[in-house]
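Here the structure is laid out as structure tokens; the discussion comes afterwards.
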Amino acid sequence: MDFAHDTKTVELTAKVQEFLDEFVIPAETVLDEQLAADPTNWATQPIVRELQAKARERGLWNLFLPGDPEVTGGAGLTNVQYAAVAEITGWSPRLAPEALNCAAPDTGNMEVLTDFGTPAQQERWLAPLLRAEIRSAFCMTEPDVASSDATNIGTLIRRDGDDYVITGRKWWSTGAMNPEAEIFIVMGKTDPDAERHRQQSMILVPRDTPGVEIVRPLTVFGYDDRDHGGHAEISFDGVRVPASNLIGAEGDGFAIAQARLGPGRIHHCMRALGMGERALALAVDRANSRHAFGRSLAEQGVIREWIAESRIQLDSLRLLVLKTAWLMDTVGNRAAMTEIQSIKIAVPRAVAAIIDRAIQLFGAAGVSDDTPLAALYAGVRTLRIADGPDEVHLNSLGRAQLRR
Ligand SMILES: Cc1cc2nc3c(=O)[nH]c(=O)nc-3n(C[C@H](O)[C@H](O)[C@H](O)COP(=O)(O)OP(=O)(O)OC[C@H]3O[C@@H](n4cnc5c(N)ncnc54)[C@H](O)[C@@H]3O)c2cc1C
């Protein structure tokens, strides 16, 4: 086995690392200042635009998008190549992914439009998303039903002449508080009587369509996540859009959702490893510089154990993520399902524990916003729920093993 990255990855990660160190990490305080200046402004902050311009100049743009760059407008990286890049962006999850136009949910939405959109849909919505001129949201989860089970979804998409009419309520639509999120991909039922996995469809709903109402923002442990455009509850009340806004055919929604979530899950895991590395680096600095009871924290056995545990977890999980990425590249997402589920479960758990140990090492400073740790913890904790809770993946992974 050759564990080395190829030349392209080595060169690209060096450029991304330099960009992170030189521009992104110093910009974090600027972002905080800009967000604090107007707490009612959900739009993309000027510092993000500045970073995006610098990233584009350096060719660090749309790195998440596979396939032929001439056709897709992406960078054409394999999952293995992108894994190394995404991990670096995880060091600054509030800024780096968006600076490179590699942030969820836009990445997943761009993939859906690339793979399933019509030429007209691609021209109208994908092209400006690839240029980061607009943003988007993905509206699947609903407040009234357990939405880890997509077959529960109650939103109706009813055909009426040349239109579809959408009625329902969504929540946790990430990014939708940002007024620049001009397009929503909405999942709903076109045929509630069809076979369970053929009832749903996906449809493009422009934000400014009559009947779309942003009800309220939601918070994660008190964080409004304004740097990601927040998370919105949205009501769709008799929203009428042309039939040509349907993505794929009626009944394709479930299959498109599955296709969207495979790469999305591994991207989250790659970035989470970067979050864990940053927490560990902060912990090491703190342990070496802080003294208690006559010696540095680094000289306490228990702290050394924490540091060692974190290193072991990060290095072992990175190998599992890279193996998963390699399988996705070589045998496809479906054949890599066991590994995708494994990392989706294992990485957020481990990284939450790594950040938790770093918080403990920092004492009270660790739970404040004086360090990035509290926000990193809040972010990684949601990954045990978002894109499907741990239990759903464990259940399916266990079932697959038992059938072997
Ligand atoms: C930060 C964040 C961002 C999000 N962004 C988006 C977004 O952009 N778009 C979107 O549509 N949604 C988004 N979501 C929603 C997310 O996908 C859902 O929260 C998730 O699918 C779980 O659905 P639910 O919250 O309704 O929980 P439920 O489905 O009600 O499940 C609750 C709990 O029940 C248990 N459970 C469920 N099924 C099983 C099972 N089979 N076996 C054992 N236990 C089980 C689990 O412990 C689970 O956590 C986001 C969520 C968060 C937290």
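Both ligands and their constituent atoms are indexed starting at 1 by order of listing. If you read the sequence from its start, that first residue is 1, and numbering goes on from there.
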Verdict with reasoning, D329 to Y82, per side chain to side chain donor-acceptor pair (under 3.5 Å): CA-CA 11 Å; D329 289 337; Y82 183 60; over 6 Å; no

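Heavy-atom minimum distance, A374 versus Y223: CB-OH, 3.4 Å. Closest non-hydrogen pair, R159 versus G161, comes out as NE-O, 2.8 Å. Scanning both residues, L246 and Q121, for their nearest heavy atoms gives O-NE2, 2.8 Å.
Of the protein's heavy atoms, E391 OE1, 3.3 Å lies nearest to atom 46 (C) of ligand 1. In terms of protein heavy-atom proximity, atom 13 (C) of ligand 1 is closest to W172 O, 3.1 Å. Nearest non-hydrogen protein atom to atom 29 (O) of ligand 1 is S148 OG, 2.6 Å. The protein non-hydrogen atom at the shortest distance from atom 49 (O) of ligand 1 is P389 CB, 3.4 Å. Protein heavy atom at the shortest distance from atom 15 (C) of ligand 1 is T141 OG1, 3.2 Å. In terms of protein heavy-atom proximity, atom 38 (N) of ligand 1 is nearest to V392 CG2, 3.4 Å. For atom 24 (P) of ligand 1, the nearest non-hydrogen atom of the protein is S147 N, 4.1 Å. Ranking protein heavy atoms by distance to atom 3 (C) of ligand 1, first place goes to T174 OG1, 3.3 Å.
The protein does not reach atom 33 (C) of ligand 1 closely, with no heavy atom under 4.0 angstrom from it. There is no protein heavy atom closer than 4.0 angstrom to atom 27 (O) of ligand 1. Protein heavy atoms come within 4.0 Å of atom 1 (C) of ligand 1. The nearest protein heavy atom to atom 19 (O) of ligand 1 is closer than 4.0 Å. Protein heavy atoms are found inside the 4.0 Å sphere centred on atom 9 (N) of ligand 1.
No N or O atom of C139 sits closer than 3.5 Å to an N or O atom of ligand 1.
Each of the atoms 7 (C), 8 (O), 9 (N), 10 (C), 11 (O) of ligand 1 lies under 4.0 Å from some heavy atom of F138. Residue contact check: H231 has heavy atoms under 4.0 Å from atoms 1 (C), 3 (C) of ligand 1. Proximity to I385 (heavy-atom distance under 4.0 Å) selects the following atoms of ligand 1: 19 (O), 20 (C).
Residue P105 does not touch ligand 1, judged by heavy-atom distances below 4.0 Å. At a heavy-atom distance under 4.0 Å, only backbone atoms of D387 (N, CA, C or O) approach ligand 1.
The 12-atom threshold is not exceeded at CD of Q360, counting heavy atoms of other residues, nucleotides or ligands nearer than 6.0 Å. For D162, the CG atom counts as loosely surrounded, since its 6.0 Å shell holds 12 or fewer non-hydrogen atoms of other residues, nucleotides or ligands. Q17 CD: more than 12 foreign heavy atoms inside a 6.0 Å radius. Heavy-atom neighbours of Q401 CD from other residues, nucleotides or ligands within 6.0 Å: above the threshold of 12. Atom CD of E18 sits in a sparse spot, with 12 or fewer heavy atoms from other residues, nucleotides or ligands closer than 6.0 Å.
Under the 30°/60° scheme for interplanar angles, the aromatic rings of H231 and W172 are found to be tilted.
Applying the side-chain hydrogen bond (donor to acceptor under 3.5 Å, both in side chains) test between R198 and each of D193, D191, T190, D252 identifies D252 as the sole match.
Counted by atom type alone, D6 and T9 present one or more donor-acceptor pairs between their side chains at under 3.5 Å.
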